[in-house]
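Here the structure is laid out as structure tokens; the discussion comes afterwards.
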Amino acid sequence: MDYRVRLLYKRFLLVGRQYPEPFGIVREKIKRGFQANSTNCDKPSIERALEHGEFVLKEAQALVSLHKYRTLNKRYGRNSDEF
Amino acid sequence: MASLVIAEIDPSSSQLQGSSLAAITATSQITSKIGSQENDIHLLIAGYSSDSEAVNKAKEIPQVSKIYVVPPNETSEKLFKYGVAEWLAPCIQQLHEKYKFSHIVAGASTFGKNVMPRVAAGLQVSQVSDVTGVEASDVFIRPIYAGNALSKVKCTDPVKVLTVRSTAFEKAVLKEAQQLPVEELSFTPDTNASKCVSWLSEEVSQSERPDLTSARVVISGGRGLKNAENFKILEALADKLGAAIGASRAAVDAGFCPNEMQVGQTGKAVAPELYIAVGISGAIQHLAGMKDSKVIVAINKDPDAPIFQVADYGLVADLFEAVPEMTKLLDQNAKTAVHS
């Protein structure tokens, strides 16, 4: 296995802990995503999959911070009592 | 030194736009932090004569102490009124060379985003865009990374060129009209760019629906709608709710709807009371444009779609069934409301 794949998986697990969904569900999703690409053996498709994985990870990170933003805004933001 | 605010006037009603009133509030916050005597706010109204209604209205803003007007002639009238940057920017530049302002401010509307970068480039300074807060006369707060973080920037340029977010500042309250000096300026285009542009015509897309950025309810469609025809089912629902219609970038790029409907980082930022996302999976660039909505409702077939993580209410269903059903239920409710 390419060491970058393992590294990416570990990073996904780290971000997954903060994801709005329960970690058990998130981990299953991550696993499914990686297993779907497990038959990729040639170099270009591995590179492509890694790039896509990096993109999805960034999206997930941004989603985590967006979820946090909305939660904080609801609790303490302007007009928070109107929510 | 005085500060200059560029007024954006609605050409149809000759009223000052809200973004300009917010820009005036922002500028008065800046000048209050300078603390010296010479911290007047001047207003530039291009394309209107000194006795026009727009100028009379501007005299009702208590913070303003001087007004510059550029009286229109046949060629320049439309170009100034509609804020064509090739004309307005050199005009602002010439005015600045004459009076040396400390700040040049406009609202971060399409108007300001169009004109101010050209002004900044012409003056060889860097612009501070989308200001949401004022810390000192040269320190501003502005969002970065699609609004995920706020940065505090210090502007070291001799003249600060700013665009300010109208949602971050209260609109200046109009009071009784005051006697203000009005100076008429003459502007002759001297750059190649201004000679190259001329006014041809305007086409306004007439729509009964409220404006996307100020609507209380927004319904957005994404790639899940599959084609432009299917946007009609959203229109039926929007009519019932009195909602504006938006779209995700995927839908715009696929040609389902015009570009002006795009909600997101590259499109419009909306903050309605109710946001209904139909067939949108929720790319982060789209979510950034609607994150300040009060209640987010998502309808999507895919239960794993990221939009469900930020939505307050999610419905995993086929939108071609769910949306018509919602429209029908609203219809029935309206009928029973009439009968009772």
Side-chain angles (χ1 to χ4, degrees), chain A residues 5 8-40 48-83, chain B residues 22 132-133 141 143-151 165-170 216 222 248-250 263-266 269-275 277 280-298 300 302-314 316:
Chain A
V5 177
L8 186 68
Y9 185 68
K10 284 185 176 172
R11 284 165 66 207
F12 260 107
L13 288 184
L14 266 177
V15 174
R17 262 172 248 274
Q18 300 166 38
Y19 209 68
E21 275 180 304
F23 183 53
I25 298 172
V26 179
R27 189 170 50 190
E28 280 306 310
K29 278 188 191 169
I30 298 170
K31 226 174 184 172
R32 250 185 286 140
F34 274 78
Q35 271 168 353
N37 283 310
S38 61
T39 50
N40 287 356
R48 224 177 303 130
L50 275 170
E51 211 168 279
H52 181 68
E54 195 74 35
F55 166 77
V56 176
L57 185 67
K58 284 270 151 56
E59 290 269 301
Q61 275 173 335
L63 194 75
V64 167
S65 52
L66 181 64
H67 189 261
K68 187 174 167 188
Y69 169 87
R70 275 187 69 79
T71 311
L72 291 177
N73 219 3
K74 263 185 199 174
R75 285 185 194 154
Y76 309 111
R78 246 196 295 181
N79 312 325
S80 56
D81 47 320
E82 284 177 21
F83 276 103
Chain B
T132 57
I141 297 172
I144 52 169
Y145 302 130
N148 282 316
L150 295 175
S151 76
R165 284 235 174 136
S166 51
T167 44
F169 297 94
E170 298 282 317
R216 286 186 66 248
S248 71
R249 170 148 188 200
V263 172
Q265 205 177 338
T266 38
V270 299
E273 311 263 312
L274 174 63
Y275 186 89
I280 290 176
S281 65
I284 206 72
Q285 286 86 349
H286 179 77
L287 299 180
M290 48 75 116
K291 65 185 161 62
D292 288 315
S293 313
K294 284 226 171 104
V295 178
I296 298 175
V297 178
N300 203 310
D302 176 15
D304 289 337
I307 188 126
F308 288 123
Q309 304 309 325
V310 287
D312 300 287
Y313 299 97
V316 181

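- The aromatic rings of Phe34(A) and Tyr9(A) lie perpendicular to each other, with more than 60° between the two planes, well past the 30° mark.
- Looking at Asp304(B), both its backbone and its side chain come within 4.5 Å of chain A, counting heavy atoms on both sides.
- Heavy-atom distances place both the backbone and the side chain of Ala283(B) under 4.5 Å from chain A.
- Proximity of a side-chain donor or acceptor of Arg70(A) to a complementary backbone N or O of Lys294(B) within less than 3.5 Å is detected.
- Only the side chain of Lys29(A) has a heavy atom closer than 4.5 Å to any heavy atom of chain B.
- Residues Asp312(B) and Tyr275(B) bring no donor and acceptor atom of their side chains to less than 3.5 Å of each other.
- Using a 4.5 Å heavy-atom cutoff, the side chains of Asn37(A) and Arg48(A) are not in contact.
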